[in-house]
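The next block holds one structure in the form of structure tokens; read it before the comments.
Because only heavy atoms are used, hydrogens play no part in the values below, and waters and symmetry mates are left out as well, while side chains stay in. Since this is a predicted model, take the numbers as computed values, not measurements.
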Amino acid sequence: MSAGSLYERHRAVLPGWVALYYERPLELSHGEGRHVWDVEGNRYLDFFGGILTTMTAHALPEVTKAVAEQAARLVHSSTLYLSRPMVELAERIADLSGIEDPRVFFTTSGTEANDTALLLASAYRGGANQVLAMRNSYHGRSFSTVGLTGNAGWSPTTLSPLQTLYVHGSVRTRGPYAGLPDAEFTAAAVADLEDMLAHTRPAGVAALIAEPVQGVGGFTSGPDGLFAAFREVLAREGIVWISDEVQTGWGRTGDHFWGWQAHGAAGPPDLLTFAKGIGNGMSIGGVVGRAEIMNALDANSISTFGGSPVTMAAGLANLGYLLEHDLQSNARRVGALLRERLEAAARRLAMVREVRGRGLMIGVELVRPGTDEPDARLAALVLERAREAGLLIGKGGGPGAGVLRIAPPLSLTEAEAEEGADLLVGALERAETGWEGGDRP
């Protein structure tokens with residue numbers, strides 16, 4: 001079983017749906033700062049960070065040291081015992097959440113965090129099993145979160161323990177409201193929400209779960225203030241607002257520490273889920289919310305691996321570094337530079353429909369030249385050309401899945417942003433030239 005290439009061995013023992021990027025899948029050997037190396041010695045500027053997870057830097061000494069020191073003392077205990085690192089990280093997150101009288105529960109992933117939030121909301125709402133979700137959304141890989149994901153490319157089944165009702169609002173430049181000014185777009189989305197609730201039993205609706213900026217969906221978002229307007233409707237019925245901050249948290253959007261703060265008139269959400277960047281690669285997820293909702297379970301519940309001493313030590317060190325070095329401001333400043341460079345290039349490239357996003361969370365939507373149709377094959381081609389040039393990026397999007405996703409570590413320097421922009425623009429130009437020359441992906 002050990003003979004053959006690693007790719008052949010991967011295919012022999014892992015499910016076929018475990019996707020790999022690139023025609024020649026990449027095996028990474030190590031990383032440092034904003035760069036990674038493959039086993040052949042090639043160096044890459046990392047503009048995807050393990051799906052927005054390497055938040056501060058690869059091999060950040062502060063995190064490495066914290067993990068090693070905690071592992072030398074105690075690796076595991078479970079939530080059945082007091083844990084100083086878990087309490088200390090919970091205190092910091094509670095303070096940063098903006099939620100009044102908050103409680104924090106740790107999980108091992110964003111999927112599990114969203115599962116937990118849905119369970120809490122349903123329990124708080126007396127067992128209600130309907131959930132409002134946004135079209136084009138993604139909330140995880142588990143049975144319940146796949147069942148409410150509003151992106152068909154990531155939802156292999158419609159069977160779910162929850163009844164999901166999909167709401168308009170998170171895709172600004174496509175769909176029935178695309179031509180409307182922001183205020184009219186928001187009003188139309190609110191009217192859609194109110195109409196939907198009028199055709200159901202609001203008492204049976206547990207929550208609205210929404211990403212402030214959709215991640216897998218291609219870094220799309222509605223106008224600022226949209227969720228404040230939604231909150232007014234939800235509050236009338238007592239429906240819980242869950243802000244899925246798995247990708248938008250910790251200052252990545254630059255303007256705000258949390259994505260929900262772009263809708264600040266609503267105040268904080270009832271529940272906020274987090275994961276990815278807080279662990280800088282270690283498995284941390286969680287929920288922070290109002291005590292009355294977080295305490296709503298009337299049965300036993302623990303976590304074997306959530307809040308483990310090693311991951312909590314990593315999270316404390318990583319969050320401390322992010323705050324001490326004000327990486328949110330860096331994301332705002334360097335992200336604006338990077339987006340400006342990409343927008344300038346987009347104006348001369350027929351295959352680029354839109355550059356969008358916030359901070360260091362930037363999407364480049366590609367279309368088949370001469371049309372308005374998203375093209376996943378073009379996105380895959382640009383991924384290959386970028387890799388050849390020494391740049392790693394991601395991809396995603398809604399129907400057609402033609403969006404490049406750019407999300408480097410938040411410590412990205414201006415020089416690295418310029419370098420990455422040059423590499424990506426070059427990859428886009430080569431892909432478009434190949435298309436025009438008949439080299440179809």
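- Counting only distance, with no hydrogens or angles, the side chain of K276 and the backbone of I51 share a donor-acceptor pair below 3.5 Å.
- Using a 4.5 Å heavy-atom cutoff, the side chains of L120 and V240 are not in contact.
- How far OG of S243 is from CZ of F274: 12.5 Å, rounded to the nearest 0.5 Å.
- E245 is not listed as a side-chain neighbour of V288, based on a closest heavy-atom distance of 4.5 Å or more.
- Closest heavy-atom contact between A401 and A379: O-CB, 4.2 Å.
- Residues L96 and L319 meet the side-chain proximity criterion, which asks for heavy atoms closer than 4.5 Å.
- The shortest distance between side-chain heavy atoms of S170 and R135 does not fall below 4.5 Å.
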- Task: Please report the C-alpha distance between R358 and S221 in whole Å, then the side-chain angles of each, then the deciding distance to 0.1 Å, and finally whether the side chain to side chain donor-acceptor pair (under 3.5 Å) criterion is met.
- Result: CA-CA 10 Å; R358 294 175 177 271; S221 62; 4.8 Å; no
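- If you take CG on D182 and OH on Y177, they are separated by 15.0 Å, rounding to the nearest 0.5 Å.
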- Message: Please evaluate residues L342 and I406 with respect to the criterion side-chain contact (heavy atoms from CB on, under 4.5 Å), reporting the C-alpha separation (whole Å), side-chain torsions for both, the decisive distance (0.1 Å), and the verdict.
- Response: CA-CA 11 Å; L342 296 176; I406 300 158; 3.7 Å; yes
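- Considering only heavy atoms from C-beta on, L132 stays 4.5 Å or farther from F230 through its side chain.
- Of the possible polar contacts, none joining the E184 side chain to the P181 backbone as a donor-acceptor pair under 3.5 Å is found.
- Using modelled atom types, one finds a donor on one side chain and an acceptor on the other under 3.5 Å when comparing T173 with R353.
- For N330 (side chain) and L412 (main-chain N/O), a donor-acceptor pair under 3.5 Å exists by modelled atom type.
- The two atoms that bring L180 and A188 nearest to each other are CD1-CB, 4.0 Å, heavy atoms only.
- Judged purely by atom type and a 3.5 angstrom limit, E211 uses its side chain to pair as donor or acceptor with the backbone of Y138.
- The closest donor-acceptor contact from the side chain of N151 to the backbone of G397 lies under 3.5 Å.
- L327 places none of its side-chain heavy atoms less than 4.5 Å from the side chain of W250.
- Annotation for L271 and G289: closest pair CD2-CA, 3.7 Å, computed over non-hydrogen atoms.
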- Message: Set out, in order, the CA-CA distance, both residues' side-chain angles and the distance that settles salt bridge (charged side-chain N to carboxylate O under 4.0 Å, His left out) for E354 and R172, then state yes or no.
- Response: CA-CA 11 Å; E354 182 182 24; R172 182 67 190 84; over 6 Å; no
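- A side-chain donor-acceptor contact under 3.5 Å links E112 to the backbone of T108.
- No more than 12 heavy atoms of other residues, nucleotides or ligands sit less than 6.0 Å from atom CZ of R11.
- Counting heavy-atom neighbours within 6.0 Å of L119 CG, excluding the residue itself, gives a total above 12.
- Looking only at atom types and distance, the side chain of D192 has no donor-acceptor partner in the side chain of H168 under 3.5 Å away.
- You'll find the side chain of R290 reaches within 4.5 Å of the side chain of Y124, heavy atoms only.
- Contact annotation: the side chain of V403 approaches that of R356 to within less than 4.5 Å [non-hydrogen atoms, C-beta and beyond].
- I99 approaches L272 most closely through the heavy-atom pair CD1-CB, 4.3 Å.
- Summarising the local packing, OH of Y166 is surrounded by more than 12 heavy atoms from other residues, nucleotides or ligands at distances under 6.0 Å.
- Relative orientation of the F227 and H263 rings is perpendicular, given thresholds of 30° and 60° on the angle between their planes.
- In this structure, L89 CG and R92 CZ are separated by 8.5 Å, a value rounded to the nearest 0.5 Å.
- Closest approach of G215 and Q247 over heavy atoms only: CA-OE1, 3.3 Å.
- For the atom pair L197 CG and L234 CG, the distance stands at 7.5 Å (nearest 0.5 Å).
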- Stepwise side-chain contact (heavy atoms from CB on, under 4.5 Å) test for M351 and V382: CA-CA 11 Å; M351 64 190 287; V382 176; 3.8 Å; yes
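- Salt-bridge formation is detected for the pair R236/E194: a Lys NZ or Arg NE/NH1/NH2 atom is positioned less than 4.0 Å from an Asp or Glu carboxylate oxygen.
- Looking at every heavy atom in both residues, G396 comes nearest to R405 through N-CD, 3.7 Å.
- E343 CD to L338 CG: the interatomic distance, rounded to the nearest 0.5 Å, is 10.0 Å.
- Using modelled atom types, one side-chain atom of E384 and one backbone atom of E23 make a donor-acceptor pair closer than 3.5 Å.
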- Message: Apply side chain to side chain donor-acceptor pair (under 3.5 Å) to residues S329 and R332 and explain how you reach the verdict.
- Response: CA-CA 5 Å; S329 292; R332 180 173 60 250; 3.3 Å; yes
- Tell me, with the steps shown, if N114 and T273 meet side chain to side chain donor-acceptor pair (under 3.5 Å). CA-CA 6 Å; N114 285 330; T273 60; 2.8 Å; yes
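- One finds a salt bridge joining R385 and E388 here, because a Lys/Arg side-chain nitrogen approaches an Asp/Glu carboxylate oxygen to under 4.0 Å.
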- Message: For a side-chain contact (heavy atoms from CB on, under 4.5 Å) check, start with the C-alpha distance between L381 and R430, then their side-chain angles and the critical distance, and finish with the verdict.
- Response: CA-CA 9 Å; L381 179 61; R430 287 192 297 278; over 6 Å; no
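- In this structure, OH on Y21 lies 8.5 Å from CD1 on I393, to the nearest 0.5 angstrom.
- Under the 3.5 Å distance criterion, the side-chain polar atoms of N129 are left unmatched by any main-chain donor or acceptor of S122.
- Residues T413 and E416 bring a donor and an acceptor atom of their side chains to less than 3.5 Å of each other.
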- CA sep, side-chain torsions, deciding dist, call: Q261, T253, side-chain contact (heavy atoms from CB on, under 4.5 Å): CA-CA 10 Å; Q261 290 169 318; T253 64; over 6 Å; no
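- The backbone N or O of V367 lies less than 3.5 Å from no partner atom in the side chain of E373, so there is not a single donor-acceptor pair.
- The aromatic rings of H35 and W37 are tilted relative to each other, their planes meeting at an angle between 30° and 60°.
- A donor-acceptor pair is defined here as one N or O able to donate and one able to accept, closer than 3.5 Å; no such pair exists between the side chain of Y44 and the backbone of L28.
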